[in-house]
Participant: 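I am attaching a structure below and will ask some questions about it afterwards.
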Amino acid sequence: MATSTPKTAAAVRAANAAIGSLAGKNVLVVGGTQGIGAAAALRFASLGASVTVAGRTAAKGNAVVDRMRASSPPSSSPVFAFKPLDAYSMKACREFADAIAESEHVKANGLHALVMTAGHLHIGSRQETNEGIEKAFALNYLSKFVIATRLLPVLTRTQDARVVSVLGAGNAGSIDPNDIQLKSGFSFIKSAITTGILVDMMTKRLTRDHSNSLRGPSFYHTFPGFVNTDNVYNTGLPSFLAFPAKLALGFVGAKPETIAEEVVYIATSAEFGPLASGAMLHPGLKRMKSYPALMDESAIDKIWSESAKLVEGL
C-alpha cells in the first residue's frame, strides 16, 4: 500500500533539470549498458556527473560511454568509463567492487551514487551458476549485496552518498529464511517475489546499520513496474513468446528514460537523504508501507549472515 501521492513524470523531470550541475560527483551504474541503467547513466552524464557503467557486453558499454560524452556539458570535465562485470559471479562482483574502491578517481573524490539495475525474471526451471548459487538469486539479489557491502567504506566517507537498487520494492510476500535460494518449491514467480523481499531486507538492514549518521550513506529500493526494454529477451522465454511480449511492452510499459529520471531524483534530490533512507518506492516515487516479513529483525539478520557466508572463499 502506498503512503504518498505519486509524482508525475513531468514533475520529476523538471525537478532534475533544476538541481544544477553534478560536476564533481561520481556515479557507478551496475547494469548500465542497456535499459534503465543506460538511461540513468546518460541522465547523470547530461547533468555533469562522472559516470562508470558496468555490464557484460563491452560493445554496449562503450556505446553508452560515447553517448555520455556527447551529452555531457562541455564545462564539467567529467570522467566516463565502462567496466566489464558478470554479475552472476560473486567472485567477479567482489573483485569489481574492490577495484572501484581502489581506483584513483574514487579514492580522490568519493562515490556519490551507486545505482544497481542488473536483474530480470528467470522463467524456467531452477538453475545454478558455476559457483553453485541459484541464478536469479545471484543476479537479482546477491550481486547487489556483494557490491554494496564491499563499497560501504568509500560510500561512508562520501558526504550524502546514496545507494539505489532497482528491482521489486515493496511488493510484500513471505520468505523462508532457511531456504533463500528456493531449493524447495522453486518457481519463477516465487523467485521474483523472494528476490524482491531480499533486496527490501538488505535495504532495511543497511539503513539500520547507518541510522546514526546524518551524512549518509542512505539506501533505497525502487520497483519500476513494466518497462519497455529488451530485458524480455533475457528471461528465458522462447522467441515466439518474447517477441510479442516486447511488442506489448511498447503499449503498456514505461520508457526507460522515465524510470531513469526517478532514479536520478532519488540519488540527488533534497527529498531523499539520510532521513529518508530505507524507502521502498513504486512508479511515480510512491512510498510503500512496510510489511510483516520486514518486521522480523531476526530473519533479516539471519539472511544477512547467510548471504555473507555464501560469498566467503569464492
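Here, residue 1 is the first one in the sequence, and each next residue gets the next number. In this text, all values refer to a predicted model and were calculated from it rather than measured experimentally.
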Participant: How many angstroms lie between atom CD1 of I197 and atom CD1 of I180, to the nearest 0.5 angstrom?
Facilitator: 12.0 Å

Participant: Give a yes or no on whether a salt bridge exists between E102 and K107, defined as a side-chain N under 4.0 angstrom from a carboxylate O.
Facilitator: yes

Participant: Name each donor-acceptor pair under 3.5 Å that joins a side chain in residues 20-27 to protein atoms two or more places apart or in another chain, with its distance.
Facilitator:
residue : atom : partner : partner atom : Å
S21     : OG   : A23     : N            : 3.0
N26     : OD1  : H105    : NE2          : 2.7
N26     : ND2  : G110    : O            : 2.8

Participant: Does one hydrophobic cluster hold both V79 and L114, with members joined at side-chain heavy-atom distances below 4.5 Å?
Facilitator: no

Participant: Is any side-chain heavy atom of F44 less than 4.5 Å from a side-chain heavy atom of V264?
Facilitator: yes

Participant: For residues 188-207, which residue pairs qualify under side-chain hydrogen bond (donor to acceptor under 3.5 Å, both in side chains), counting only residues two or more places apart or in two chains?
Facilitator: D200-H221, D200-Y291, K204-E297, R205-D209, R205-D301, T207-S277

Participant: Give a yes or no on whether the backbone of M90 and the side-chain of E131 come within a donor-acceptor separation of less than 3.5 Å.
Facilitator: yes

Participant: Among all residues two or more places apart in sequence or in another chain, which pass the salt bridge (Lys or Arg N to Asp or Glu O under 4.0 Å) test with D176?
Facilitator: none

Participant: Which distance, rounded to the nearest 0.5 Å, do you find between the CZ of R94 and the CZ of R150?
Facilitator: 6.0 Å

Participant: Hydrophobic clusters here meaning ILVMFWY residues chained together by side-chain heavy-atom distances under 4.5 Å, can you tell me if L198 and I189 are in one?
Facilitator: yes

Participant: Rounded to the nearest 0.5 Å, what separates atom OH in Y265 from atom OG1 in T222?
Facilitator: 13.0 Å

Participant: Indicate yes or no: at least one non-hydrogen side-chain atom of P6 is less than 4.5 angstrom from one of L285.
Facilitator: no

Participant: Can you hop from I303 to F186 via hydrophobic side chains spaced under 4.5 Å?
Facilitator: no

Participant: Looking at K7, I want to see if its NZ is surrounded by more than 12 non-hydrogen atoms of other residues, nucleotides or ligands under 6.0 Å.
Facilitator: yes

Participant: Using 0.5 Å steps for rounding, measure from the CD1 atom of I147 to the CD1 atom of I100.
Facilitator: 9.0 Å

Participant: Same cluster or not: M201 versus F223, using hydrophobic residues (I, L, V, M, F, W, Y) connected whenever any side-chain heavy atoms lie under 4.5 Å apart?
Facilitator: no

Participant: Answer yes when R126 and E134 have at least one side-chain N-carboxylate O distance shorter than 4.0 Å, and no when they do not.
Facilitator: no

Participant: Ring-plane angle category for Y220 and F272, please: parallel below 30°, perpendicular beyond 60°, tilted otherwise.
Facilitator: perpendicular

Participant: Please report the interatomic distance NE2(H120) to CG(L167), rounded to the nearest 0.5 Å.
Facilitator: 11.0 Å

Participant: Within a radius of less than 6.0 Å around CZ of R67, do more than 12 heavy atoms belonging to other residues, nucleotides or ligands occur?
Facilitator: no

Participant: Does any N or O in the side chain of S72 come within less than 3.5 Å of the main-chain N or O of M68, such that one atom is a donor and the other an acceptor?
Facilitator: no

Participant: Could you tell me which residues satisfy ring pair (Phe, Tyr, Trp, His ring centres under 6.0 Å) with Y141, sequence neighbours excluded, listed by chain and number?
Facilitator: F137

Participant: Count I, L, V, M, F, W, Y as connected when their side-chain heavy atoms are under 4.5 Å apart, and connections chain through other members. Are I175 and L182 then in the same cluster?
Facilitator: no

Participant: Are the side chains of L142 and L310 in touch, meaning some heavy atoms are under 4.5 Å apart?
Facilitator: yes

Participant: Taking atom NZ of K135 and atom CD of Q127, what is their separation to the nearest 0.5 Å?
Facilitator: 5.0 Å

Participant: Indicate whether the side chain of S211 and that of R208 have a donor and an acceptor atom separated by less than 3.5 Å.
Facilitator: no

Participant: Is a side-chain donor or acceptor of T149 paired with a backbone partner of V146 at a separation under 3.5 angstrom?
Facilitator: yes

Participant: Quick one: salt bridge (Lys or Arg N to Asp or Glu O under 4.0 Å) partners of E312, sequence neighbours excluded?
Facilitator: none

Participant: Output yes when a side-chain donor or acceptor of E262 lies under 3.5 Å from a complementary backbone atom of G284, and no otherwise.
Facilitator: yes

Participant: Give the minimum heavy-atom separation between T158 and R215, together with the two atoms involved.
Facilitator: C-NH2, 3.5 Å

Participant: Between R287 and E271, does the salt bridge (charged side-chain N to carboxylate O under 4.0 Å, His left out) criterion hold? Intermediate values first, please.
Facilitator: CA-CA 12 Å; R287 300 195 190 200; E271 179 180 348; 3.2 Å; yes

Participant: Salt bridge (Lys or Arg N to Asp or Glu O under 4.0 Å) with D160: which residues, sequence neighbours excluded?
Facilitator: R162

Participant: Hey, is E306 close enough to K302 for a salt bridge, meaning N to O under 4.0 Å?
Facilitator: no

